[in-house]
Amino acid sequence: MRQYKLYDYWRSSAAFRVRIALNLKGLDYVQESVHLVRDGGEQHQAAFHSLNPQERVPVLEVLEPGRGDAPPVLVTQSLTIIEYLNEQSPEPSIYPADLSLKSKVHAFAQAIACDIHPLNNLSVLQYLQSPLQISAEQQQAWYEHWIATGFRALEETLQPFIGLGSYCFGPDPTLADIMLVPQAYNAHRFKCSMETYPRINQIYESCLQHEAFSRALPENQPDAPE
């Protein structure tokens, strides 16, 4: 049986995605916390750098059976990790069977991973604060702008699928939901207005009723502050 170790941080939205995927697949895993703020960020220390030269979480360490003394497989980048898990454990799939619908799911996920999240992640916000010395108010405006720009498009994308199920593209959670929930969680955390995204709000609430999503919530992680 494969053994999984997830290097993550309770507040990392990228790690949040992978936790959801692992839970949806019903895979057991152990967690190794990498504190992204303490002591200048543990991700910058030599021990973690050797796992991921990008110095980012998550990293999935996979111990494959029958490999003898071979080193564990290391997989980085949340989307790549999720795809890896889907290949290793195809059921339940994170994609619908229909090819055209699968392409919509993948594009939706990429819109979050490539166009929204990179502009608002921790390293960008830290750079805005120092050395650029952007004020807290300007930083908040930056965050809200990119959430609004991205969520307007996501909300419109979801409209044709209203009535087909509780999740983004139907009755079952897919990669789209895995990606949406952490981003919506962050929008709430940063007090972004969500009034104009009723479908996103409905999906978010539906997902949080699913154990795979609720178990993955930041506040439910072992390294979350009490």
Side-chain angles (χ1 to χ4, degrees), residues 6 8 10-27 29 58 60 77-118 120-121 146-190 192 194 196-221:
L6 180 65
D8 73 350
W10 69 285
R11 219 170 214 175
S12 163
S13 55
F16 190 173
R17 302 165 186 165
V18 175
R19 294 194 298 263
I20 295 170
L22 284 161
N23 294 342
L24 282 171
K25 296 291 185 181
L27 298 171
Y29 59 100
L60 186 70
Q77 290 290 340
S78 62
L79 278 178
T80 302
I81 294 171
I82 294 167
E83 295 285 358
Y84 177 91
L85 292 171
N86 199 55
E87 290 288 332
Q88 295 283 9
S89 301
E91 298 298 332
S93 178
I94 59 169
Y95 290 113
D98 180 79
L99 184 59
S100 63
L101 194 54
K102 178 179 178 179
S103 70
K104 292 183 183 299
V105 168
H106 211 273
F108 189 96
Q110 291 284 356
I112 294 172
C114 301
D115 298 331
I116 302 175
H117 178 245
N120 285 337
N121 68 12
W146 294 115
I147 286 291
T149 299
F151 275 26
R152 279 196 298 266
L154 297 183
E155 181 74 15
E156 186 173 342
T157 300
L158 293 168
Q159 292 303 304
F161 301 92
I162 292 175
L164 299 182
S166 300
Y167 301 101
C168 286
F169 293 97
D172 301 306
T174 66
L175 178 63
D177 304 278
I178 292 171
M179 300 298 292
L180 179 62
V181 166
Q183 199 64 63
Y185 181 96
N186 281 353
H188 285 288
R189 176 189 162 205
F190 280 86
C192 298
M194 298 290 286
T196 55
Y197 316 119
R199 184 57 182 157
I200 288 176
N201 290 330
Q202 290 169 359
I203 294 166
Y204 181 67
E205 293 301 325
S206 293
C207 286
L208 293 186
Q209 300 304 310
H210 193 303
E211 184 183 9
F213 290 83
S214 61
R215 281 177 53 206
L217 283 165
E219 57 266 30
N220 293 335
Q221 303 317 300

Should the ring pair Tyr167 and Phe213 be called parallel, tilted or perpendicular, given that the plane angle runs from 0 to 90° and is split at 30 and 60? parallel
When Leu175, Thr174, Leu158 are each screened for side-chain contact (heavy atoms from CB on, under 4.5 Å) with Phe108, the one that passes is Leu158
Flag if over 12 foreign heavy atoms under 6.0 Å of NZ, Lys104: no
Show the numbers, then the answer: is there a side chain to side chain donor-acceptor pair (under 3.5 Å) between Asp172 and Tyr95? CA-CA 9 Å; Asp172 301 306; Tyr95 290 113; over 6 Å; no
Non-hydrogen atoms of Arg199 and Ser166 that approach each other most closely: NH2-C, 4.2 Å
Check step by step if side chain to side chain donor-acceptor pair (under 3.5 Å) holds for Glu156 and Tyr197. CA-CA 9 Å; Glu156 186 173 342; Tyr197 316 119; over 6 Å; no
Nearest-0.5 Å distance, CG of residue Leu22 to CD1 of residue Ile82: 8.5 Å
Non-hydrogen atoms of Ile116 and Gly150 that approach each other most closely: CD1-CA, 3.6 Å
Taking all atoms of both residues into account, what is the closest heavy-atom pair of Ile203 and Cys168, and its distance? CD1-CA, 3.6 Å
Mutual orientation of the aromatic rings belonging to Phe169 and Phe161 [parallel < 30°, tilted 30-60°, perpendicular > 60°]: perpendicular
In terms of side-chain heavy atoms, does Asn23 have a donor or acceptor partner in Tyr29 at a distance below 3.5 Å? yes
Within a reach of under 6.0 Å around CD of Glu219, are more than 12 heavy atoms found that belong to other residues, nucleotides or ligands? yes
In Å, rounded to the nearest 0.5 Å, how long is the span from CD1 of Ile94 to CG of Asp177? 11.0 Å
With rounding to the nearest 0.5 angstrom, report the CD to CG distance, Gln88 to Leu60. 10.0 Å
Give the minimum heavy-atom separation between Ser89 and Lys25, together with the two atoms involved. O-NZ, 2.8 Å
Side chain Asn86, main chain Ser93, donor-acceptor under 3.5 Å: no
Shortest non-hydrogen contact from Leu164 to Pro160? CD1-O, 4.4 Å
N/O donor-acceptor pair under 3.5 Å between Ser12 side chain and Ala15 backbone: yes
Start with the C-alpha distance between Gln209 and Glu205, add both sets of side-chain angles, then the distance that settles side chain to side chain donor-acceptor pair (under 3.5 Å), and finish with yes or no. CA-CA 7 Å; Gln209 300 304 310; Glu205 293 301 325; 4.9 Å; no
Sidechain-backbone polar pair: Gln183 side chain, Met179 backbone, donor-acceptor under 3.5 Å: no
